[in-house]
Every structure is written in C-alpha cells, then in structure tokens.
Amino acid sequence: MLRIAIQKSGRLSEESLNLIRECGISFIYSSLKLKTECTNFPLEILFLRDDDIPGYVADGVADIGIVGENVLVEEGKADLTVERLGFSRCRLSLAVPRGSDYESVQDLNGKNIATSYPNLLQAFLEARGVQAHIHTISGSVEIAPSIGLADAICDIVSSGSTLISNGLREVERVFKSEAVLIANPELPQEKQQILEKLLFRIHAVQRASRAKYILLNSPNDKIAEISRLLPSIKAPTVLPLAEEGWSSLHSVVNEDDFWEIIEKIKAAGAQGILVVPIEKMIV
Ligand SMILES: Nc1ncnc2c1ncn2[C@@H]1O[C@H](COP(=O)(O)OP(=O)(O)OP(=O)(O)O)[C@@H](O)[C@H]1O
Ligand SMILES: O=P(O)(O)OC[C@H]1O[C@H](OP(=O)(O)OP(=O)(O)O)[C@H](O)[C@@H]1O
Ligand SMILES: [Mg+2]
C-alpha cells in the first residue's frame with residue numbers, strides 16, 4: 001500500500017482529491033476522517049496541513065504527497081519533486097501600501113517585511129543586494145502594513161483581490177508556483193511500482209485535459225489538405241459519409257492550438273466541426 005499525503009483543507013484539497021478520482025481511484029471521503037484507504041487501488045490517503053507534507057514525505061511517514069512548490073522550495077526540499085500537476089497556480093509577490101512611493105526593489109533596504117516564506121524572500125533579496133528585516137508570521141500576512149507591523153509584505157497572490165482589499169500594490173514577483181507531486185527518494189520496490197502505476201494514470205489524465213477530440217466533415221478532394229493542418233496521435237481517422245464525395249475526419253488537437261487550427265481548417269473547406277472533451281488519453 002502506497003501512502004499519499006494531501007492537504008486536509010485549503011487551496012490544494014479539492015483538486016488533489018479530484019486528481020485521485022480522475023485516476024479511477026475510489027475512496028470514502030469524510031471531512032472528519034484524517035486517513036482513508038482506497039477501495040480499488042493500493043493507496044492510503046492522509047489528510048494533513050500542507051506545511052507538514054514535505055517533511056513527512058522526506059522522513060518516509062508518507063511515501064508521496066501533493067504540495068505547492070512555494071512550500072516545498074521554502075522548506076529546501078525541491079529535490080523530492082516527481083511531477084508538476086498544473087493546478088493551484090499562484091505566485092509569491094512583494095507588495096507595499098497602495099500610496100507608497102516604491103520604485104525599485106532597492107527601496108526595501110532597511111525596511112521591515114512580513115512573510116510566511118522567509119527563505120524564498122531572503123534568497124530573492126540577497127540576489128539583488130537588498131538587506132531588509134524579515135518578520136516571519138504564519139498567516140493573515142496582508143494585514144501587517146495596516147497595523148504597523150511591517151512596511152511591505154511577501155505573500156501568495158493569485159487573482160490579486162486580497163491585496164486590493166487590504167490596500168496593497170504588488171511590486172515584485174518572487175516565485176511562481178503550482179502544485180507538485182513529491183515522493184520519498186528511497187521507496188521500496190513494491191511501492192515504487194505502485195507509484196509508477198499511479199503516474200501512468202496521472203499522465204493519461206493530464207494529456208486528456210489538454211486535448212480535445214475533433215470531428216469534421218470534409219469534401220473528399222480536401223482530405224489531404226485538411227489532414228495536413230490537423231495534428232493527431234498518428235494520423236487522422238477518415239470515414240466515408242452517407243453522402244457521395246464527403247468524408248468525416250476525426251483527430252485530437254491541443255487546447256492551446258485549438259482556435260488557430262479551427263480557423264485554418266474552416267478556410268480549407270471543413271464543415272460541421274464538432275469538438276468534444278477527452279476523458280483519458282494513452283499514447
Ligand atoms: N489564491 C490562491 N490561488 C491558487 N493557489 C493558491 C492560492 N493560495 C494559495 N495557493 C496554493 O495552495 C497552497 C495552500 O494554500 P492554503 O492557503 O490553503 O494554505 P494554508 O492556509 O497554509 O493551509 P494549511 O491549513 O494546510 O496549512 C499554497 O501553498 C499555494 O501553493
Ligand atoms: O490573490 P488572491 O486570489 O486574493 O489570493 C491570495 C490569497 O489566497 C491565499 O489565502 P487563502 O484565501 O487560501 O486563505 P488563508 O490565509 O487561510 O491561507 C493567500 O494566502 C492569499 O491571502
Ligand atoms: Mg499551511
């Protein structure tokens with residue numbers, strides 16, 4: 001049985017649970033239970049505070065875990081990373097009171113900065129030759145300037161609305177983060193095999209989430225041209241339509257390139273274009 005540690009309650013929790021579910025793994029979830037065994041895969045889930053996850057994985061209390069890169073790097077455990085997961089994207093930023101005359105990072109020399117990420121902040125300031133006083137606090141960092149605790153803050157930003165609500169202005173980006181899967185580097189072979197099975201499923205889910213299945217009708221004399229414009233796993237599928245001279249083309253396109261491809265194939269004569277989500281994708 002492989003043990004995975006995920007955040008009990010917070011910004012990582014829902015998507016961590018979703019990822020496990022999308023891998024076809026079932027479990028009984030109750031917000032009061034701190035541990036659950038999956039029913040159809042050799043996995044046990046531990047629900048923990050996110051800050052504790054890198055330490056537990058490094059010590060082998062949990063075999064693998066899901067945590068924000070910001071916490072992982074802050075704790076000096078980046079080498080545990082196995083896979084970037086693409087959710088809970090955010091940044092660690094420096095912010096100052098909105099009315100402040102801040103111009104460059106040098107203005108922070110000698111200033112007090114409140115943060116929950118002293119190591120990441122120290123490394124950022126050191127690289128720019130800035131010496132500031134770092135006050136480490138564990139939460140509600142955005143309140144610090146308004147209660148006279150600090151001149152600036154360094155905290156997680158996503159939409160920026162917490163900064164705005166607290167009269168702050170983002171001035172420097174210190175670190176970019178997303179959720180990552182981490183693993184103990186010395187897993188016994190049986191656990192390593194379970195991890196590989198899990199990774200195989202995660203890759204299928206990730207690939208599918210970026211891809212769309214596309215179906216379209218094409219005049220037979222345009223099949224070659226449209227096929228050249230369509231990316232695919234191997235080559236597009238071509239099926240005859242009930243109407244003479246027409247075929248249906250099926251393929252897989254990446255979400256990022258999607259609109260550009262649609263424009264081109266439409267111009268080349270494609271009609272009746274349907275785009276549908278893909279649940280799993282194994283290549
Ligand atoms: N607003 C946000 N948008 C996207 N991701 C975020 C956001 N805030 C935080 N994160 C990411 O999610 C992680 C967990 O954030 P959260 O605010 O739930 O942590 P926490 O309050 O320290 O939780 P815990 O109680 O488990 O210690 C962060 O370390 C960061 O990687
Ligand atoms: O830029 P925004 O979209 O406003 O998000 C940023 C906020 O989100 C996180 O806190 P969260 O809401 O998770 O609460 P917490 O303080 O309990 O961690 C983070 O610590 C910021 O305060
Ligand atoms: Mg925490």
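Counting starts at 1 for both ligands and their atoms, following the listed order.
- In this comparison of I6, D51, L72, L12, the heavy atom closest to atom 13 (C) of ligand 1 sits on L12.
- Under the 4.5 Å side-chain contact rule for hydrophobic residues, F27 and L195 share a cluster.
- A donor-acceptor pair under 3.5 Å is formed between the side chain of S165 and the backbone N or O of S161.
- What sits closest to atom 11 (C) of ligand 1 on the protein, heavy atoms only, is C90 SG, 3.9 Å.
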*asked:* Walk me through whether I226 and L230 qualify under side-chain contact (heavy atoms from CB on, under 4.5 Å).
replied: CA-CA 6 Å; I226 293 175; L230 279 178; 4.2 Å; yes

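- In this structure, D59 contributes its side chain and V61 its backbone to no donor-acceptor pair below 3.5 Å.
- Using a 4.0 Å threshold on non-hydrogen atoms, atom 1 (O) of ligand 2 counts as touching the protein.
- Listed by atom number, the atoms of ligand 1 under 4.0 Å from I156 heavy atoms are 7 (C), 8 (N), 9 (C).
- Taking each heavy atom of K191 and D63 in turn, the nearest pair found is NZ-OD2, 3.0 Å.
- Under a 4.0 Å heavy-atom criterion, S161 is in contact with ligand 2.
- Side chain of D50 to main chain of V67: no donor-acceptor pair is present (N/O by atom type, distance under 3.5 Å, no hydrogens or angles).
- The presence of a protein heavy atom under 4.0 Å from atom 11 (P) of ligand 2 is confirmed.
- With hydrogens and angles left out, the side-chain atoms of N119 and E74 include a donor and acceptor closer than 3.5 Å.
- Near R11, meaning under 4.0 Å from any of its heavy atoms, are these atoms of ligand 2: 8 (O), 11 (P), 12 (O), 13 (O).
- One hydrophobic cluster, built from ILVMFWY side chains closer than 4.5 Å, cannot hold both M281 and I202; they sit in different ones.
- Which parts of ligand 2 touch D155 is read off a 4.0 Å heavy-atom cut-off, strictly below it: atoms 20 (O), 22 (O).
- Below the 2.8 Å limit, the Mg ion (ligand 3) has as protein N, O or S neighbours D50 OD1, D51 OD1.
- Every atom of ligand 1 with a heavy atom of S158 under 4.0 Å away is listed here by number and element: 1 (N), 2 (C), 3 (N).
- Under a 4.0 Å criterion applied to the non-hydrogen atoms of G160, ligand 2 contributes the atoms 1 (O), 2 (P), 3 (O).
- When distances from atom 18 (O) of ligand 2 to the protein are checked, no heavy atom turns up under 4.0 Å.
- Listed by number with element, the atoms of ligand 1 under 4.0 Å from a non-hydrogen atom of G68 are 31 (O).
- S251 places no side-chain N or O within donor-acceptor distance of the main-chain N or O of P236, the cut-off being under 3.5 Å.
- Of all atoms in ligand 2, numbered sequentially from 1 with element shown, those under 4.0 Å from a heavy atom of E142 are 21 (C), 22 (O).
- At the top of the distance list for atom 6 (C) of ligand 2, counting protein heavy atoms only, stands I156 O, 3.4 Å.
- Using a 4.0 Å cut-off between heavy atoms, D50 contacts ligand 1 through both its backbone and its side chain.
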Report task. List the steps, then state whether side-chain contact (heavy atoms from CB on, under 4.5 Å) holds for L239 with H250. Result -> CA-CA 8 Å; L239 299 167; H250 299 194; 3.9 Å; yes

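- Residue R89 touches ligand 1 through its backbone alone, judged by heavy-atom distances below 4.0 Å.
- Atom numbering of ligand 1 starts at 1 in the shown order; those under 4.0 Å from a heavy atom of G10 are 18 (O).
- At distances below 3.5 Å, at least one donor-acceptor pair connects side-chain atoms of T36 with backbone N or O atoms of I28.
- Counting atoms of ligand 1 from 1 in the listed order, those under 4.0 Å from a heavy atom of V71 are 29 (O).
- At least one N or O atom of S159 sits closer than 3.5 Å to an N or O atom of ligand 2.
- Using modelled atom types and a 3.5 Å distance limit, the side chains of E170 and S93 yield a donor-acceptor pair.
- Protein heavy atom in closest approach to atom 16 (O) of ligand 2: S140 N, 4.8 Å.
- The ligand atoms of ligand 2 that sit less than 4.0 angstrom from a heavy atom of V157 are 1 (O).
- For the residue pair E75 / Y117, no side-chain donor-acceptor distance below 3.5 Å is found, with atom types taken as modelled.
- No donor-acceptor pair under 3.5 Å is formed between the side chain of S218 and the backbone N or O of N220.
- Annotation: cation-pi pair R128/F124 present, NZ/CZ under 6.0 Å from the ring centroid and within 45° of its normal.
- Put simply, atom 21 (O) of ligand 1 has no protein non-hydrogen atoms near it, under 4.0 Å away.
- Here the shortest heavy-atom pairing between L249 and S227 reads CD2-OG, 3.7 Å.
- Atoms of ligand 1 lying under 4.0 Å from at least one heavy atom of R49, given by number and element, are 24 (P), 25 (O), 26 (O), 27 (O).
- With a 4.0 Å cut-off on non-hydrogen atoms, Q7 touches ligand 1 through its side chain and not its backbone.
- Near T162, meaning under 4.0 Å from one of its heavy atoms, ligand 2 places the atoms 2 (P), 4 (O), 5 (O), 6 (C), 7 (C), 22 (O).
- Close approach of ligand 1 to N70 (heavy-atom distance below 4.0 Å) involves ligand atoms 28 (C), 29 (O), 30 (C), 31 (O).
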Please determine whether side-chain contact (heavy atoms from CB on, under 4.5 Å) holds for the pair L121 and L94, giving the CA-CA distance in whole Å, both sets of side-chain angles, and the decisive distance to 0.1 Å.
CA-CA 9 Å; L121 176 58; L94 275 156; 3.9 Å; yes

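- Ranking the protein heavy atoms by distance from atom 18 (O) of ligand 1 puts R11 N, 2.8 Å first.
- Q206 places no side-chain N or O within 3.5 Å of a backbone atom of G86 that could act as its donor or acceptor partner.
- At distances below 3.5 Å, at least one donor-acceptor pair connects side-chain atoms of N184 with backbone N or O atoms of E186.
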